[in-house]
Amino acid sequence: MMCPAAEFKHLLEKSPMQRQILTESLFRQAYTQYLDLYRLSPKERYLALLRRCPDILQNITLKELASYLQITPTHLSRIRKELTFTDTFPFS
């Protein structure tokens with residue numbers, strides 16, 4: 001779903017409570033992603049992302065996904081290959 005930037009800005013200016021809720025939500029998401037970078041392996045981050053957003057591979061490139069996960073595209077390919085050839089892949 002898309003919303004024109006001007007409409008979104010107007011909505012946030014008109015509703016301080018909505019702005020606060022959105023700000024807190026974005027902060028929690030960024031903080032969790034930061035913590036996950038240090039406490040989870042790249043494979044665990046990849047699997048967690050697929051659980052959260054199962055259709056993500058239809059919407060972005062593997063290069064963009066690798067960048068989001070803070071790994072190289074080559075490393076992402078290795079993870080995907082490993083999951084494909086094991087029974088641990090939860091989305092088969």
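Quick caveat: nothing in here was measured; it's all calculated off a predicted structure. Starting from 1, each residue takes its place in the sequence as its number.
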*Asks:* Keeping S77 on the side-chain end and P73 on the backbone end, is there a donor-acceptor pair under 3.5 Å?
*Replies:*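 Present.
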*Asks:* What is the distance from atom CD of Q20 to atom OG of S25, rounded to the nearest 0.5 Å?
*Replies:* 12.0 Å
*Asks:* Could you tell me whether the side chain of Y46 reaches within less than 4.5 Å of the side chain of L40, counting heavy atoms only?
*Replies:* no
*Asks:* Given I79 and L47, is the side-chain contact (heavy atoms from CB on, under 4.5 Å) satisfied, shown in steps?
*Replies:* CA-CA 10 Å; I79 291 170; L47 290 173; over 6 Å; no
*Asks:* What are the two closest heavy atoms between R45 and I71, and how far apart are they?
*Replies:*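 Closest heavy-atom pair between R45 and I71: NH2-CG2, 3.7 Å.
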*Asks:* Which heavy atom of L37 sits nearest a heavy atom of L69, and at what distance?
*Replies:* CD1-O, 4.2 Å
*Asks:* If hydrophobic clusters are built by linking Ile, Leu, Val, Met, Phe, Trp and Tyr wherever their side-chain heavy atoms come under 4.5 Å apart, do I56 and L83 end up in the same one?
*Replies:* yes
*Asks:* Which atom names give the shortest non-hydrogen contact between L62 and L76, and what distance separates them?
*Replies:*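 Taking L62 first and L76 second, the nearest heavy atoms are O-CD2, 3.4 Å.
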*Asks:* Any luck finding a side-chain donor-acceptor pair between Q33 and Q29 under 3.5 Å?
*Replies:*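 Short answer, no.
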*Asks:* Report yes or no: does T23 contribute a side-chain atom to a donor-acceptor pair with the main-chain N or O of R19 at less than 3.5 Å?
*Replies:* yes
*Asks:* Enter the distance from Y34:OH to R39:CZ here, rounded to the nearest 0.5 Å.
*Replies:*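 Between atom OH of Y34 and atom CZ of R39 there are 12.5 Å.
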*Asks:* Grab the two heavy atoms, one from E64 and one from T61, that are nearest each other, plus how far apart they are.
*Replies:*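 So the minimum-distance heavy-atom pair works out to OE1-N, 2.8 Å.
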*Asks:* What class does the angle between the rings of Y31 and F27 fall in, given that below 30° is parallel, 30 to 60° is tilted and above 60° is perpendicular?
*Replies:* parallel
*Asks:* Have a look at K43 and tell me which of R80, E82, R78 forms a side chain to side chain contact (heavy atoms under 4.5 Å, CB included) with it.
*Replies:* E82
*Asks:* Please check if the side chain of E44 supplies one atom and the backbone of S41 the other of a donor-acceptor pair under 3.5 Å.
*Replies:* yes
*Asks:* How many angstroms lie between atom CZ of F8 and atom CD of E13, to the nearest 0.5 angstrom?
*Replies:* 11.0 Å
*Asks:* Is there a chain of hydrophobic side chains (I, L, V, M, F, W, Y, each step under 4.5 Å between heavy atoms) that links I21 to L26?
*Replies:* no
*Asks:* Mind checking the SG-CG spacing from C3 to L11? Nearest 0.5 Å is all I need.
*Replies:*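 C3 atom SG to L11 atom CG measures 7.5 Å (nearest 0.5 Å).
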*Asks:* Using the rule that Ile, Leu, Val, Met, Phe, Trp and Tyr join whenever any side-chain heavy atoms are under 4.5 Å apart, tell me whether L49 and L57 fall into a single cluster.
*Replies:*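 Yes, L49 and L57 fall within the same hydrophobic cluster.
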